[in-house]
Amino acid sequence: MQHDKVLILDFGSQYTQLIARRVRELNIYSEIHPFNKIPTNLDDYKAVILSGSPMSVRSEDAFHPDLNGIRGVKPLLGVCYGAQYLAHFSGGQVAESNTREYGRANLSFVQENEPFLAGSSSGSQVWMSHSDTIKKLPTNAKLLASTHDVENAAYKIEGETTFAIQFHPEVYHSTDGKQLLENFLVNIAEVKPDWTPNAFVDETVADLKAQLGNDKVVLGLSGGVDSSVAAMLLHKAIGENLYCIFVNNGLLRKDEFSSVLQQYEGMGLNVKGVDASARFLDTLAGESDPEKKRKAIGRVFIEVFDDEAAQIQDVTWLAQGTIYPDVIESVSATGGPSATIKSHHNVGGLPDFMKLNIVEPLKALFKDEVRRVGASMGMDKQLLGRHPFPGPGLAIRILGDITAEKVRILQEVDAVFINGLREWDLYDKVWQAGAILLPVNSVGVMGDERTYEKVVVLRAVESTDGMTADWVDLPYKFLQKVSNDIINKVKGVNRVVYDISSKPPATIEWE
Ligand code: XMP
């Protein structure tokens with residue numbers, strides 16, 4: 001890659017990924033590495049950022065890496081714990097704070113015309129989250145700014161391009177945070193902001209061409225954003241040598257198999273649609289246990305995919321839509337010094353006997369970057385903006401055992417809900433939405449008749465990554481209309497409820 005790179009050393013803060021995203025929003029490529037695995041080839045990085053941490057630098061098992069090869073050598077910015085550790089490491093002193101500072105604070109500048117603070121103004125809001133404080137600045141440090149409760153809120157080390165801030169510039173509540181990151185990276189460290197989606201596409205396509213030559217690649221399309229964007233990049237690089245397989249497991253949304261397949265064909269992809277609904281539903285018959293349902297679906301998917309891949313002569317590569325959060329190595333939040341790799345539903349899972357090489361063109365990107373890359377290739381907005389949908393599909397939204405009739409009911413209900421969200425311009429305001437079919441009947445009355453029919457749940461959540469989520473405050477008028485439409489249009493349903501649980505303690509899916 002010909003672009004300047006920024007290294008973010010992770011000390012386990014919940015905000016580390018957010019730092020990487022903010023840096024990338026400046027069109028600068030950044031990588032997260034755990035503090036205890038500092039890359040040996042530091043020459044590859046133009047600047048270094050030290051993240052926050054749940055630890056205290058005063059604790060015996062705190063993270064104390066050797067910064068000698070970095071401080072004074074590379075432009076360096078310490079954030080929160082990073083700022084405290086920089087002080088601790090360089091002759092300053094960190095102590096427990098008398099007044100813990102969480103949330104909003106206002107920054108008062110101590111220096112005029114300081115390039116690090118350019119474009120921001122004294123009094124601007126910053127976001128704090130710390131219980132230790134820097135009591136004594138390190139040797140040769142110059143104070144840049146304070147808040148009401150924190151004297152040493154920002155400092156630099158004279159004669160170096162080393163800066164430190166007690167607040168979090170990466171959260172939106174720090175109103176000038178992005179400006180400060182830009183000042184540090186672009187103006188002070190002179191990192192070139194040229195990592196754009198277009199540049200990513202051009203370089204990735206060139207790399208894929210060189211890597212794959214005339215080899216054949218197989219890829220499983222899911223209808224989701226990641227696999228679709230990965231397919232488009234590979235299609236640009238190797239054209240017909242990319243063999244896409246789109247499996248209908250019978251548990252997709254209403255009409256999704258045919259409409260998405262058509263869309264893929266319209267994009268010029270070499271795609272084969274395989275309708276294996278009956279095989280999936282037969283295997284699932286009588287099974288109510290959520291994990292067993294998931295396992296059965298995973299197993300049948302592999303069998304179907306494997307059968308199809310075996311029909312492609314001389315295929316040597318398997319492409320996957322893995323993205324950066326799936327592979328990122330991060331320090332565990334509990335503070336253990338060992339780095340743990342986050343596991344994810346979509347990583348791995350393919351049988352050994354396939355013995356294909358793996359190619360993952362999106363593995364350096366965050367989800368929003370995948371969308372921007374897709375947009376820069378002219379891909380359909382609706383496809384790029386789709387809500388996440390679980391691999392096992394409606395199977396984990398039909399509580400209890402699965403039958404064709406239950407799938408039909410849920411597909412109809414889900415379609416009324418999702419189409420309603422689109423019509424009311426709410427779809428893009430929601431991170432994920434869907435309907436759940438409960439295994440209970442309730443009494444109702446339609447006309448003069450007593451009914452005894454199914455109950456469905458509507459669920460809509462806000463989230464950034466699915467790890468935590470909150471239910472969405474959808475307008476009552478909308479819920480009223482959708483509930484009415486569902487009960488009037490979908491035979492077999494007489495009651496609609498809305499799920500108002502957040503995650504944690506609930507999860508997004510009911511199974
Ligand atoms: P939960 O229910 O764990 O869901 O709060 C978090 C996110 O993960 C999705 N999800 C799955 N995705 N296979 C998948 O591919 C699964 O088995 C699975 N279970 C949950 C869920 O839709 C949400 O986006």
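When reading the values below, keep in mind they use all heavy atoms of this one structure, side chains included, and skip hydrogens, waters and symmetry mates. Atoms within each ligand, like the ligands themselves, are counted from 1 in listed order.
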Would you indicate whether the side-chain heavy atoms of Val456 and Leu438 approach each other to under 4.5 Å? no
Examine Phe200 together with Tyr29 and report whether their ring centres are nearer than 6.0 Å. no
The criterion is side-chain contact (heavy atoms from CB on, under 4.5 Å); which residues satisfy it with Lys363, sequence neighbours excluded? Glu360
Nearest heavy atom to atom 14 (C) of ligand 1: which of Pro504, Gly391, Ala506, Ala395 does it belong to? Gly391
Between Arg294 and ligand 1, which part of the residue brings a heavy atom under 4.0 Å of the ligand: side chain, backbone, both or neither? side chain
Looking only at N/O atoms, are Trp431 and ligand 1 under 3.5 Å apart anywhere? no
Ligand-residue contact atoms, ligand 1 with Lys503, heavy atoms, under 4.0 Å: 1 (P), 3 (O), 5 (O), 6 (C)
Test of ring centre spacing under 6.0 Å for His168 and Tyr15: yes
If you measure every N/O of Ile508 against every N/O of ligand 1, is any gap under 3.5 Å? yes
Student check: side-chain heavy atoms of Leu180 and Phe167 closer than 4.5 Å: yes
Within ligand 1, which atoms have a heavy atom of Gly466 less than 4.0 Å away? 6 (C)
